[in-house]
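First comes the structure, then the notes that go with it.
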Amino acid sequence: MTSPIPTFDIRRFSHPSSPSERQAFVDALGAAYREWGFAGIRNHGIPQARIDAAYAAFREFFALPVDTKMRYHLAGSGGARGYTPFGVETAKDSNHFDLKEFWHIGRDITDDSQYCDVMPKNLWPDEVPAFRSEGYRLYRDLDALGSKVLSALALHIGLPADWFADKTNCGNSILRPLHYPPIPEGDIPNIRSGAHEDINLITLLVGASAEGLQVLSRQGEWVPFTADADTIVVNIGDMLQRLTNHVYPSTTHRVVNPLGPKAREPRYSVPFFLHPNPDFLIDVLPSCITPDTPKRYPEPITAQAYLEQRLREIKLI
């Protein structure tokens with residue numbers, strides 16, 4: 001079944017046959033995000049073999065005994081790096097925790113970086129040597145792809161193509177390998193990922209080809225988005241929604257439990273949460289304020305302060 005949420009060939013932006021083709025891509029992508037807050041990106045240039053290698057390393061880690069995995073859980077850190085066990089993260093305003101466990105890979109920064117106080121060093125599991133090499137390679141790939149998407153979105157709202165470049169070059173971005181374990185038989189109130197919006201600028205999801213992702217339409221209907229295997233799903237986060245005065249909406253989405261035998265199978269996915277630099281001031285762009293759409297957020301806030309506020313809401317800190 002074809003999803004009403006569109007998918008785009010990003011080569012039309014990165015390697016266009018003409019300036020008009022590039023502009024047509026920008027127009028179509030921007031329109032899709034205004035409507036859905038979601039889109040698929042194909043021909044992104046990340047080899048499938050590279051994605052498969054990262055997934056293999058992540059699966060190997062999640063198959064380890066719980067006691068082993070807990071060695072990489074940093075209590076009190078809000079899950080900023082390393083392992084977060086099953087039964088912790090809870091969608092905002094939900095009474096039930098999500099049915100998932102995950103790991104956070106962050107940006108490697110130098111010891112003299114101005115962001116050392118808010119961007120801790122990465123942890124790496126000794127038991128899975130490929131986890132570090134494959135995980136961080138995928139991190140870099142998605143960071144680069146996300147920059148292309150932001151460049152197109154910048155052009156769509158009248159900014160220079162490189163407007164986001166120096167505001168995300170040290171962004172506190174996160175790669176999150178996720179494991180949704182098999183669901184036990186019987187009725188449970190929990191779902192794999194409760195209805196929520198993402199915190200960051202944009203999210204790039206590798207692995208949306210597995211069933212379960214649903215997007216809430218403007219008409220209040222849950223729309224499944226099961227992308228082709230070669231497609232990366234990219235959605236707007238709350239930081240970009242706030243920055244653009246809701247020109248780009250951060251759309252509610254969830255991961256529902258499968259029915260029947262598929263519920264006894266694990267699910268894996270890998271989102272990349274692209275964040276701005278921690279000291280970036282999120283203030284509504286003047287170009288996104290009109291007489292019909294006055295400024296929704298009179299007070300600016302730094303990306304780090306906003307992140308901490310939201311992490312408290314989902315019970316990670």
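Below, all heavy atoms of this structure are taken into account, side chains as well, without hydrogens, waters or symmetry copies.
- The two residues L138 and A54 have their closest heavy-atom pair at CD2-CB, 3.9 Å.
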(request) Test R242 against D283 for salt bridge (charged side-chain N to carboxylate O under 4.0 Å, His left out), laying out the working first. (result) CA-CA 8 Å; R242 182 173 178 138; D283 195 8; over 6 Å; no

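- Heavy-atom minimum distance, A303 versus P276: CB-CG, 3.7 Å.
- To the nearest 0.5 Å, atom NE2 of residue H253 and atom CG of residue L205 are 8.5 Å apart.
- Residue L216 holds its CG atom at 5.5 Å from OG1 of T252, rounded to the nearest 0.5 Å.
- Between F62 and Y83, the ring-plane angle classifies as tilted under the 30° and 60° cut-offs.
- Residues I105 and L311 fall within the same hydrophobic cluster, defined by Ile, Leu, Val, Met, Phe, Trp and Tyr side chains chained together at heavy-atom separations under 4.5 Å.
- Between T251 and V215 the shortest side-chain heavy-atom distance falls below 4.5 Å.
- Remark: side-chain polar atoms of H44 are paired, donor with acceptor, to backbone N or O of D230 under 3.5 angstrom.
- One finds the CZ atom of F273 at 8.0 Å from the CD1 atom of I199 (value rounded to the nearest 0.5 Å).
- Considering only heavy atoms from C-beta on, I41 stays 4.5 Å or farther from T231 through its side chain.
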(request) Go through F102 and H104 one step at a time and tell me if the ring pair (Phe, Tyr, Trp, His ring centres under 6.0 Å) criterion holds. (result) CA-CA 7 Å; F102 54 89; H104 276 177; 5.1 Å; yes

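- In the model, Y136 has no side-chain atom that pairs as donor or acceptor with a side-chain atom of R140 under 3.5 Å.
- Cation-pi geometry between R176 and W103 is not satisfied (NZ or CZ under 6.0 Å from the ring centre, within 45° of the ring normal).
- In this structure, D238 contributes its side chain and S250 its backbone to no donor-acceptor pair below 3.5 Å.
- Taking each heavy atom of S269 and Y180 in turn, the nearest pair found is OG-CE1, 3.8 Å.
- For E21, the side-chain contact (heavy atoms from CB on, under 4.5 Å) partners are R12, P16, S17, S18, not counting sequence neighbours.
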(message) Using side-chain contact (heavy atoms from CB on, under 4.5 Å), reason through L29 and L153 one step at a time and then give a plain yes or no.
(response) CA-CA 8 Å; L29 185 74; L153 292 178; 4.2 Å; yes

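- With hydrogens and angles ignored, the 3.5 Å screen pairs a side-chain donor or acceptor of N200 with a backbone N or O of I202.
- Side-chain contact between V233 and L204 is absent, with no heavy atoms from C-beta onward closer than 4.5 Å.
- Ion pairing between a basic and an acidic side chain is recognised when a charged N comes within 4.0 Å of a carboxylate O; E134 and R50 show no such pairing.
- A side chain to side chain donor-acceptor pair (under 3.5 Å) with Y115 is found for exactly one of D279, N172, T110, namely D279.
- Rounded to the nearest 0.5 Å, atoms CG (L281) and OG1 (T302) are 7.0 Å apart.
- In this structure, the side chains of I174 and F272 stay at 4.5 Å or more apart for every pair of heavy atoms.
- Checked by atom type and distance alone, the side chain of K167 pairs as donor or acceptor with a backbone atom of W163 at under 3.5 Å.
- Distance alone, capped at 3.5 Å, places no donor-acceptor pair between the S151 side chain and the S147 backbone.
- In summary, of the residues considered (V149, L150, D198, L145), a side chain to side chain contact (heavy atoms under 4.5 Å, CB included) with L274 occurs for L150 alone.
- Follow the hydrophobic side-chain contacts under 4.5 Å out from M70 and you reach F131 in the same cluster.
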(request) Step by step, work out the salt bridge (charged side-chain N to carboxylate O under 4.0 Å, His left out) result for K121 and D111. (result) CA-CA 9 Å; K121 291 184 179 297; D111 291 340; 2.6 Å; yes

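- Here CG of L159 is found 5.0 Å from OG of S287. Values are rounded to the nearest 0.5 Å.
- In terms of modelled atom types and a separation under 3.5 Å, the side chain of N43 and the main chain of R11 share no donor-acceptor contact.
- Side-chain contact check for D126 versus R71: some heavy-atom pair is nearer than 4.5 Å.
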(request) Test Y55 against Y268 for ring pair (Phe, Tyr, Trp, His ring centres under 6.0 Å), laying out the working first. (result) CA-CA 8 Å; Y55 262 88; Y268 300 87; 7.2 Å; no

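- Both Y139 and F61 sit in one connected hydrophobic cluster of ILVMFWY residues. Membership requires side-chain heavy atoms under 4.5 Å apart, directly or through other members.
- Clustering ILVMFWY residues whenever any of their side-chain heavy atoms sit less than 4.5 angstrom apart, transitively, puts I109 in a cluster other than the one holding L142.
- In this structure, N277 CG and S173 OG are separated by 8.5 Å, a value rounded to the nearest 0.5 Å.
- Of all non-hydrogen atoms in T84 and H73, the two that sit nearest each other are CA-ND1, 4.2 Å.
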(message) side-chain contact (heavy atoms from CB on, under 4.5 Å), that's the test. Do N245 and L285 meet it? Break it down for me.
(response) CA-CA 7 Å; N245 209 30; L285 294 165; over 6 Å; no

(request) Show your working on side-chain contact (heavy atoms from CB on, under 4.5 Å) between Y306 and M239 and close with a plain yes or no. (result) CA-CA 8 Å; Y306 187 75; M239 289 184 180; 3.7 Å; yes

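- With respect to the salt-bridge test (charged N to carboxylate O, under 4.0 angstrom), the residues E127 and K69 do not qualify.
- Without hydrogens or angle criteria, R254 side chain to H196 main chain gives no donor-acceptor distance under 3.5 Å.
- What you find for F58 and G135 is that their closest heavy atoms are CZ-CA, 3.9 Å.
- A donor-acceptor pair is defined here as one N or O able to donate and one able to accept, closer than 3.5 Å; such a pair exists between the side chain of T168 and the backbone of F164.
- No side-chain N or O of T290 forms a donor-acceptor pair with one of D292 less than 3.5 Å apart.
- Listed for the S14 side chain is a donor-acceptor partner under 3.5 Å among the backbone atoms of I10.
- Relative to the six-membered ring of F8, R42 misses at least one condition, a distance below 6.0 Å or an angle of at most 45° to the axis.
- Checked by atom type, the side-chain pair H246/Y297 shows a donor-acceptor distance below 3.5 Å.
- Looking at V234 and Y33, their side chains come closer than 4.5 Å, going by heavy atoms from C-beta outward.
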(message) Checking H179 against K100 for the side-chain contact (heavy atoms from CB on, under 4.5 Å) test, could you report, in this order, the C-alpha distance in whole Å, the side-chain angles of both residues, the deciding distance, and whether it holds?
(response) CA-CA 6 Å; H179 172 226; K100 66 190 180 189; over 6 Å; no

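- Residues I5 and F225 come closest through the heavy atom pair CG2-CE2, 3.5 Å.
- In this structure, the side chains of Q241 and P249 come closer than 4.5 Å at one or more pairs of heavy atoms.
- Under the 4.5 Å side-chain heavy-atom criterion for ILVMFWY residues, no single connected hydrophobic cluster contains both I301 and V118.
- Between D228 and T7, the closest side-chain pair of non-hydrogen atoms is not below 4.5 Å.
- At distances below 3.5 Å, not a single donor-acceptor pair connects side-chain atoms of R34 with backbone N or O atoms of Y248.
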